[in-house]
Structure formats: C-alpha cells, structure tokens
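Note that the coordinates shown come from a computational prediction; the quantities given were computed from them, not determined experimentally. Keep in mind that the numbers below use all heavy atoms, side chains included, and drop hydrogens, waters and symmetry copies.
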Amino acid sequence: MSLSDVPDSNSRSLVIAVTAVSSVMGGGITVVQNLTRSMAVERPDYKFVLYCSHESVATFDYPSNVEVVHLPKLLSRLSRWAWEQRELPSEAEARGVDVILALGGYLSFRAKLPQVAVWQNSVVFSPGGFSRPFAERVLIVIQRIVQTASMKRAAQNVFLTQTSVELAGEQWDMDSLRHAVIHSGVDPTRLSLQASPPLEDREGFVLAVGHAYSHKNYEAMIDAIGIYRTQYGEELRLRIVGDPANQDYFDGLQRRIIDQGLSDLVEMSGGAAAEEVLSLMSRARAYLVTSQLETFGLTMFEAMGQGLPVVASNATCHPEVCGDAAVYCDPNDPADIAAQVRRVMTDTALGNDLRARGFERLNEFSWAHSARKYLSTLAESSPHQK
C-alpha cells in the first residue's frame, strides 16, 4: 500500500472513531493524545470521536473537531473488551462513523465498519524467553488468538517499526496480511532541545524510565552498576523510574539491589508524574535502556529532547529508532553495559556529540508527519473514498 504524506484535500470529509480505551499508561497515553490532536489539526474538516478511559487522555487539549467520550468504567481489561464487542458497534453507527482507528489493535468483531488496527504491544507477538507470571502467559495466548483474527479482518494493520513487523513475522505470515509501518512522533512540548542544561552542569547519575516488566531487563542494568564499581573503582548512581507493573519482578529487583550491596547507588522509585520525569531527564548525565523488547521507545526521544546522551541495548527496535544518535550495548552482557555507560560518562566530547545527534534525530520524527500517514490510511480504508 502506498502511504501519501499529504491527504487529498478534495476527498470527502470523514467521521473517524478513535478507540483508545486501552491506553491507560505510559507510551500508549502519549500516542493517543498527540496522534488524535495532530490528525484533527491536519484535517479540520474531519470529525473525530475519541473513546477513552484514562482521565489524562480525556482532559488533553484537543481541537474543536474532536469529541471526547470519557468512559472511566472501562479502566479494567475485561470491561473494555466487553464494551468494544457489545457497545462500540451501535455507538459508532449512531454517530455516523465512517472508519474506526483501533489504537488497542483488537477489533470490534460485530462492527460492520472498516477498522484500522494499530499494534503497539509487542509482548503479544514476542518469542518466549521472558519470565512471566502464569496468568500473564495465559493472557498472552488469548491475545494472540484474538490478534490473529483481528489482523485477518482489519482493513489495515499498522506497526510502529519495521522491527515489530519482523517480530510479528515469527508468529504470522506477514506477506498474507495487509500491514504498514508508521513511526510515532515527538511531542514538542516535552522537549527543551538546545535550552537544556549542558552536560557539565548536570548531576552525575544515570536515569532509566519504564514500567517494571521482565523484558525491560533491569537486572542487567543493576548488575552493570556493581561491575562499574568493581571494574573502574568508581561509584555510579542509577535511578529507575516506573510503576511495578509486575510486582514479583519489581520485588526481585529490590532484593537484587540489596544482595549486591547497591542500595546506596541504585534507587527504584516507582512511578512518577510526567513533569518529574522531564525534570530528572534535564538533570541526569546519561539515559540507559537495556530492554530486550519494545515497539518504539518514546522515552528515548524524550531523553534526547532534554539533551541527554542515550545508551541503548542493541536489541529490538532501538537501532531503527535512534540511528546514530545513541551508543549501543549488549543487553545480555552487564560488563558491556557498564563499559558503554562509562564511555558516555567520562568522554565529554562523545556526550556532547550524542547530544547534538539526538537533537538532529528528533527533527526526523513529528506527530504531524505520523498523522498525515494515518489519515491517508484511514481515508483509503473508508468505502466513501474508494
């Protein structure tokens, strides 16, 4: 499918339903907020009906052609799945919707309207190898079954990176499924760019942001801090910010910190408000990502926007997203993680070069560009445009 950067200005105005009831944390919230607003700005003649469950999505600043339907009763997974299957079809029909953009991926199977599925959760189509609770493993199996049915029925399947498409290809024959890659953008209001504090004026700690899931590979990050002290005779502070999404995993990390005698160097502070995260990014000396599985990794862009050098694992989509604006490490080798972090911490020229490259990299990603691609996909999926 060919995706035009500029929608046809002569095409019929559409009513687009954006279903984002599953956007309840982290990057999912960022995507729905900025994508919906940017699409509405690009096409003021379109009407957007945004269904959401999280308050921060509902209260975001959207243009007047966005109607927000806030459904806080749908914060739980089962309740929102039931709503999508039972109530969304009649809701969409009553509001004259032409096409549905399903940001949670899974389709409403009773809806007769064309639907575009966006697959943001790579955990579902990831290979094994990650330690997960039994209930989570069962849920993944169920989600894969529903994803299979959704992808076959969708007018288009959108993945955030080519890496995600390749990963999905390990579960499905992607050549037989309609799919496209649309990168996410950068929220300019969360970037300070060149106005951010220079590296020499920052505090000497490393920052990591992300909910505590096993694929985040935080144990390797913690081990690297211990190796850093042993190998280089220096102490390096690490702060990990993110909700304990997997409580057993989170508790295990806390024990790991204590067992290695790193309590004075490694802090796991749990979740934090967006403003606090940006403040930490503006004060830290380096940003570290050791994840083995991501669909995009928006926090790396936010870190770059705060002038923060990024050290990222060479796994998953990180090289595709960051390009030459990051230093890469082996996520399975804590010694290599420690070595790459030390390069950034001690080589000021390298740190400033990464800082400059990060600013340049951000110019290649915008929500306006993403919105135009989504709008083209939605228009091509609508029967009124064919």
Side-chain angles (χ1 to χ4, degrees), residues 1-7 14 16-23 26-40 42-43 46 48 50-52 84 97-109 111 113-126 143-144 146-186 293-298 301 316-317 320-321 365-382 385:
M1 166 182 169
S2 174
L3 296 177
S4 171
D5 285 347
V6 181
L14 296 177
I16 298 172
V18 181
T19 58
V21 291
S22 62
S23 299
I29 291 176
T30 301
V31 169
V32 64
Q33 290 173 330
N34 290 280
L35 178 59
T36 303
R37 178 170 62 184
S38 297
M39 289 193 300
E42 290 290 324
R43 290 304 301 252
Y46 282 13
F48 298 85
L50 172 60
Y51 295 99
C52 60
E84 287 171 339
V97 169
D98 296 298
V99 59
I100 297 173
L101 178 61
L103 289 181
Y106 308 108
L107 300 192
S108 176
F109 292 103
L113 299 169
Q115 299 175 72
V116 173
V118 184
W119 302 105
Q120 301 186 59
N121 186 4
S122 60
V123 171
V124 178
F125 47 84
S126 67
Q143 288 175 312
R144 282 183 181 169
V146 180
Q147 180 166 345
T148 299
S150 295
M151 288 199 299
K152 289 180 178 179
R153 183 168 177 174
Q156 184 62 280
N157 294 283
V158 174
F159 292 84
L160 305 188
T161 56
Q162 182 59 36
T163 306
S164 292
V165 173
E166 294 168 1
L167 192 60
E170 298 182 20
Q171 302 292 331
W172 299 281
D173 177 13
M174 296 305 296
D175 291 336
S176 66
L177 296 167
R178 294 176 293 273
H179 68 275
V181 174
I182 304 179
H183 287 154
S184 293
V186 182
L293 183 65
E294 296 290 345
T295 49
F296 196 78
L298 283 171
F301 275 177
T316 190
C317 64
E320 178 181 347
V321 172
F365 297 83
S366 74
W367 280 114
H369 182 68
S370 297
R372 287 192 288 271
K373 286 185 173 292
Y374 274 101
L375 288 166
S376 178
T377 301
L378 290 162
E380 291 183 20
S381 300
S382 170
Q385 304 297 321

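- Under the salt bridge (Lys or Arg N to Asp or Glu O under 4.0 Å) criterion, E84 pairs with no residue, sequence neighbours left out.
- Residues Y374 and E42 form no side-chain contact, since every pair of their non-hydrogen atoms from C-beta on lies 4.5 Å or further apart.
- Taken to the nearest 0.5 Å, the CG atom of L298 stands 6.0 Å off from the OG1 atom of T30.
- With values rounded to the nearest 0.5 angstrom, Q162 atom CD is found 11.5 Å from L167 atom CG.
- When V31, L35, V321 are each tested for a side-chain contact (heavy atoms from CB on, under 4.5 Å) with S184, only one passes: V31.
- With T148 contributing its side chain and R144 its backbone, the two residues share a donor-acceptor pair below 3.5 Å.
- Note that CD1 of I100 and CD of Q115 are 4.5 Å apart. Values are rounded to the nearest 0.5 Å.
- No side-chain heavy atom of H179 sits less than 4.5 Å from a side-chain heavy atom of W119.
- Listed here is the closest heavy atom pair of L107 and A117: CD2-CB, 3.9 Å.
- Between F109 and R153, the shortest heavy-atom contact is O-NH1, 2.5 Å.
- Here the CD1-OG1 distance, from I182 to T377, works out to 4.0 Å after rounding to the nearest 0.5 Å.
- The two residues K152 and R178 have their closest heavy-atom pair at O-NH2, 3.5 Å.
- For the residue pair A20 and L50, the shortest heavy atom distance occurs at CB-CD1, 4.0 Å.
- For F159 against S164, the heavy-atom pair with the smallest separation is CD2-CB, 4.0 Å.
- V99 and S381 get closest at one heavy-atom pair: CG2-CB, 4.3 Å.
- Residues T163 and E320 bring a donor and an acceptor atom of their side chains to less than 3.5 Å of each other.
- The backbone N or O of L14 sits nowhere less than 3.5 Å from a side-chain atom of D98 that would complete a donor-acceptor pair.
- For the pair L375 and Y46, the minimum side-chain heavy-atom distance is below 4.5 Å.
- Between L101 and M39, the closest side-chain pair of non-hydrogen atoms falls below 4.5 Å.
- Judged as a ring pair (Phe, Tyr, Trp, His ring centres under 6.0 Å), and not counting sequence neighbours, the contacts of F365 are H183, F301.
- We find the CE-CE distance between M151 and M174 to be 5.5 Å, quoted to the nearest 0.5 Å.
- Between Q120 atom CD and S23 atom OG the span is 6.0 Å, to the nearest 0.5 Å.
- Remark: side-chain polar atoms of T161 are not paired, donor with acceptor, to backbone N or O of F296 under 3.5 angstrom.
- Between the side chain of T295 and the backbone N or O of L160, no donor-acceptor pair lies under 3.5 Å.
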